[in-house]
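In what follows, a structure is listed as structure tokens, so that the remarks can point back to it.
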Protein chains: 2
Amino acid sequence: MALELNTAQALTLWQKANLHLVRDDDPDLSMRQMSILLTVYLEAPPHTVRGLAARLNVAKPVITRALDSMGRYNLLSRRRDEKDKRNVLIQRTVEGALFIERLADTIVELARKQEHI
Amino acid sequence: MALELNTAQALTLWQKANLHLVRDDDPDLSMRQMSILLTVYLEAPPHTVRGLAARLNVAKPVITRALDSMGRYNLLSRRRDEKDKRNVLIQRTVEGALFIERLADTIVELARKQEHI
DNA sequence: CTGAATCGTTTCGGCTGCGTATCATTTAAG
DNA sequence: CTTAAATGATACGCAGCCGAAACGATTCAG
């Protein structure tokens, strides 16, 4: 069964979630960084630089740089693939999992407070 | 009645919507720009620079610059308040309304395709 | 009328991200 | 072995955004 969501609800939820992330004091992730992070946490591993670049339709250095900056926040980490040492495997971290969890709770809460329109 | 949405649904929807915006070829808006745009279109006017800065918990020049760049895309426009010429009123545009409408349709569609988890 | 307050803009130096091209390392092919 | 291909990282110049401070225009207070 599909998740029911009308146009006004979708927009309002999207706005409130964005607003929430902007208003808090954590550094804002760019839309690209957010997409990378969520893809790593929600889609099946393994995740490589090249794979993420293809998934996001974006150049490889974009991924490398995003991993650098989000790595600094400990939101995810890198490891060489021992099977094929050309590859880098992107891995989840405890901090990243917590971040994602908080984000999910926030969205659920915003949706819960929303009236059917 | 509240909109029901569980944690996994919230995350998946958020990821897919972000991914969609990143993958398409339009220039990405920053999270701040997105918040400004949606606030202008979803919350009651009038919208001023100062008001938006307070709403987003952000410095005034952030708003001025975002209005400059989104104005270049014709996503919104500015007008002097004739009642109090210190104020600038931020106004909606046809292009902006279409952009918002497409965004909403996208989110609704992504939600519709999503299974209950 | 004059000085203070308000509002949006601009300036400044600095930081981050971008795309293209190139690089070093590793693996695969002949 | 030698060469080509694949992968991620780096160099480069350039765009855009940042926060803090200063500015001009307008309105308000006394």
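Chain letters run A, B, ... following the sequence lines, proteins first, then strands; residues in each count from 1. Predicted, not measured: the structure shown is a model, and the values here were computed from it.
A donor-acceptor contact shorter than 3.5 Å is absent between the side chain of His47(B) and the backbone of Ile90(B). Side-chain atoms of Arg50(B) never come within 3.5 Å of backbone atoms of Lys60(B) as a donor-acceptor pair (strictly under, hydrogens ignored).
Taking atom CG on Asp84(B) and atom C1' on dT6(C), their separation rounds to 8 Å, with Å as the unit. One atom, CG of Leu29(A), and another, C1' of dG17(C), lie 13 Å apart when rounded to the nearest Å. In this structure, Ile90(B) places its CD1 atom 13 Å from P of dC7(C), rounding to the nearest Å. Arg86(A) places its CZ atom 13 Å from the C1' atom of dA24(C), with the value rounded to the nearest Å.
Classification of Arg78(A) and Asp68(A) as a salt-bridged pair holds, one side-chain N sitting under 4.0 Å from a carboxylate O. Of the charged side-chain nitrogens involved, none lies within less than 4.0 Å of a carboxylate oxygen, so that Asp81(B) and Lys83(B) do not count as a salt-bridged pair.
The side chain of Arg80(B) places no N or O atom within less than 4.0 Å of a non-bridging phosphate oxygen (OP1 or OP2) of dG8(C). For dT16(C), the OP1/OP2 oxygens have no side-chain nitrogen or oxygen of Gln33(A) closer than 4.0 Å.
Using a 4.0 Å heavy-atom cutoff across all strands shown, Arg78(A) reaches sugar-phosphate atoms only and no base atom.
Between the CG atom of Leu19(A) and the OG atom of Ser35(B) there is a distance of 5.0 Å, given to the nearest 0.5 Å. Here the CZ atom belonging to Phe99(A) is positioned 4.5 Å from the CG atom belonging to Leu29(A), to the nearest 0.5 angstrom.
Under the 4.5 Å side-chain heavy-atom criterion for Ile, Leu, Val, Met, Phe, Trp and Tyr, Leu89(B) and Leu76(B) are members of distinct hydrophobic clusters. Taken together through direct or relayed side-chain contacts under 4.5 Å among Ile, Leu, Val, Met, Phe, Trp and Tyr, Val58(B) and Leu75(B) form part of one hydrophobic cluster.
Side-chain contact between Val22(A) and Asn57(B) is absent, with no heavy atoms from C-beta onward closer than 4.5 Å.
Base orientation of dA15(D): syn (glycosidic angle within 90° of 0).
When DNA chain D is scanned in the 5' to 3' direction for atoms under 4.0 Å from non-hydrogen atoms of chain B, the outermost contacting nucleotides are dC17(D) to dT27(D).
Of all heavy-atom pairs spanning Ser77(B) and Arg92(B), the tightest one is OG-O, 4.4 Å. Taking all atoms of both residues into account, the shortest heavy-atom contact from Ala66(A) to Ile36(A) is CB-CD1, 3.4 Å.
Under the Watson-Crick and G-U wobble criteria, each requiring two contacts below 3.5 Å, nucleotide dC18(C) is paired to dG13(D).
From one end of the helix from dC1(C)-dG30(D) to dC15(C)-dG16(D) to the other, with five pairs defining each end axis, the axis direction shifts by 10° (rounded to 10°).
Against DNA chain D, the stretch residues 36-70 of chain B makes heavy-atom approaches under 4.0 Å through Pro61(B), Val62(B), Arg65(B), Ser69(B).
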